[in-house]
S.K.: 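The structure is given below, and queries will be raised subsequently.
By convention in this document, chain letters (A, B, ...) are assigned in the order of the sequence lines, proteins followed by strands, and residues within each chain are numbered from 1. What you are looking at is a predicted structure, and each value in this text was computed from that prediction instead of being measured.
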2 protein chains.
Amino acid sequence: MVVDELSDSDVDRLFQALADGTRRDIVRRVTRDGYSVSGLAALYAMSFAAVQKHVAVLERASLVTKEKRGREQIVRGNHEGLQKARRLLDEYDAIWRQRAERIADILAEE
Amino acid sequence: MVVDELSDSDVDRLFQALADGTRRDIVRRVTRDGYSVSGLAALYAMSFAAVQKHVAVLERASLVTKEKRGREQIVRGNHEGLQKARRLLDEYDAIWRQRAERIADILAEE
DNA sequence: CTCATCTACAACCATTTGGTTGTAGATTAC
DNA sequence: GTAATCTACAACCAAATGGTTGTAGATGAG
């Protein structure tokens, strides 16, 4: 059961989204507690629109979800997105371990 | 013993480097086997200089190392860089688990 | 109803990014 | 020594990125 198909550009979006300090900070905050977009905007020395864009980038990367709450939009961390990123890095680690094994085998056979 | 101090821009570089399919492919390949820069360049439908730039991005992100071998430069995967990326994502996961715990506590106390 | 607040989005701008071609310096092959 | 190969790097270009201001539509408060 493959529920985990990430296209190449999905992965691009994921890591791209994580490649900015403000966005990483937003992820940390909204994982602990939900924030409205303007609640977030109040935290950073940049315009509301800039923060809004950052949230949009995180949302497209599935690192965050938005939920309408009256006239506000509550931003929350999305664990799925994070898990996907972690599993991707685990794959690279697996390649590394395969390599280490292969080397160990070569050393063992002589 | 903190050996793991990553500046904010180090983290930017790490995730930025991973946010490109060609670069991720290079990481996979050079983790299995060392490749010269021109050996890598032969694999992709782009110029040598373009691949060279990708390798440079990966090197600055500590995801890859280069070792001079005659007139060639052998590119190899750097496990440290990968581990740092993985640990970073683990931190976000830890925040998530703290939140889950907190919620469980709140539910338990009533 | 009216006003303030929250959000979305367009238009614009400077910088970065991912690609190109071209030039030049080392090293190896003949 | 000369020619071929490998690498580095500069200059250039189009597109994406991270920021801005401004406008407009919903929703809540008085």
S.K.: Roughly, in whole Å, what's the span from CG in Leu58(B) to C1' in dT17(C)?
M.R.: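 Nearest whole value for this atom pair: 14 Å.
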S.K.: In this structure, how many angstroms lie between the C1' atom of dG18(C) and the CZ atom of Arg13(B), rounded?
M.R.: 18 Å
S.K.: Would you classify Ala56(B) as touching base, sugar-phosphate or nothing, given that sugar-phosphate means primed atoms plus P, OP1 and OP2, and contacts are heavy atoms under 4.0 Å?
M.R.: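 It contacts nothing in the nucleic acid.
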S.K.: Closest to the Lys53(B) side chain: dT7(C), dG18(C), dG18(D)?
M.R.: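 The answer is dG18(C).
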S.K.: Could you go step by step and tell me if Lys84(B) and Val11(B) meet the side-chain contact (heavy atoms from CB on, under 4.5 Å) rule?
M.R.: CA-CA 9 Å; Lys84(B) 284 181 182 175; Val11(B) 182; over 6 Å; no
S.K.: Please work out if Ser36(B) contacts a base, only the sugar-phosphate, or nothing of the nucleic acid, heavy-atom cut-off 4.0 Å.
M.R.: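 Since only primed, P, OP1 and OP2 atoms lie under 4.0 Å of Ser36(B), the category is sugar-phosphate.
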S.K.: Can you name the one residue among Ile26(A), Leu43(A), Ile74(A) that meets side-chain contact (heavy atoms from CB on, under 4.5 Å) with Tyr35(A)?
M.R.: Leu43(A)
S.K.: Using whole Å, what does the distance between atom P of nucleotide dT20(C) and atom CZ of Phe48(B) come to?
M.R.: 13 Å
S.K.: Rounded to whole angstroms, how far apart are OH on Tyr44(B) and P on dG18(C)?
M.R.: 15 Å
S.K.: For a quick test of reading the model, state the closest non-hydrogen atom pair linking Arg23(A) to Gln16(A) and the distance between them.
M.R.: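 Result for this residue pair: NH2-O, 3.1 Å.
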S.K.: Pairing donors with acceptors under 3.5 angstrom, does anything connect the side chains of Gln83(A) and Arg86(A)?
M.R.: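 Per modelled atom types, Gln83(A) and Arg86(A) side chains form a pair under 3.5 Å.
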S.K.: Measure from the side-chain heavy atoms of Gln52(B) and tell me the nearest of dG18(C), dA8(D), dC9(C).
M.R.: dA8(D)
S.K.: Would you indicate what Ser38(B) reaches in the nucleic acid, counting non-hydrogen atoms under 4.0 angstrom: base, sugar-phosphate, or nothing?
M.R.: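 Sugar-phosphate, backbone atoms only, no base.
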S.K.: Considering only NZ, NE, NH1 and NH2 on the basic side and carboxylate oxygens on the acidic side, decide whether Arg13(B) and Asp10(B) come within less than 4.0 Å.
M.R.: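 Salt bridge between Arg13(B) and Asp10(B), a charged N being under 4.0 Å from a carboxylate O: yes.
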S.K.: Is Asp33(A) salt-bridged to Arg29(A), going by a charged N under 4.0 Å from an acidic O?
M.R.: no
S.K.: How close or far is atom P of dG18(C) from atom CG of Leu18(B), stated in whole angstroms?
M.R.: 12 Å
S.K.: How long is the line joining NE2 of His54(B) and P of dT16(C), in whole Å?
M.R.: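 After rounding, the gap between these two atoms is 18 Å.
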S.K.: Between dC6(D) atom C1' and Tyr35(B) atom OH, what is the distance in whole Å?
M.R.: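 After rounding, the reported distance stands at 17 Å.
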S.K.: Which of these nucleotides, dG19(C), dG18(C), dT17(D), is closest to any side-chain atom of Gln16(B)?
M.R.: dG18(C)
S.K.: Considering only heavy atoms, which members of residues 66-77 of chain B lie under 4.0 Å from some atom of DNA chain D?
M.R.: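 Result for residues 66-77 of chain B: Lys66(B), Arg71(B), Glu72(B), Gln73(B), sorted by number.
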S.K.: Side chains of Phe15(A) and Arg24(B): closer than 4.5 Å at any heavy-atom pair?
M.R.: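 Counting from C-beta outward, Phe15(A) and Arg24(B) do come under 4.5 Å.
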S.K.: Expressed as a whole number of angstroms, how long is the span from Arg60(B):CZ to dA8(D):C1'?
M.R.: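 These atoms are roughly 13 Å apart.
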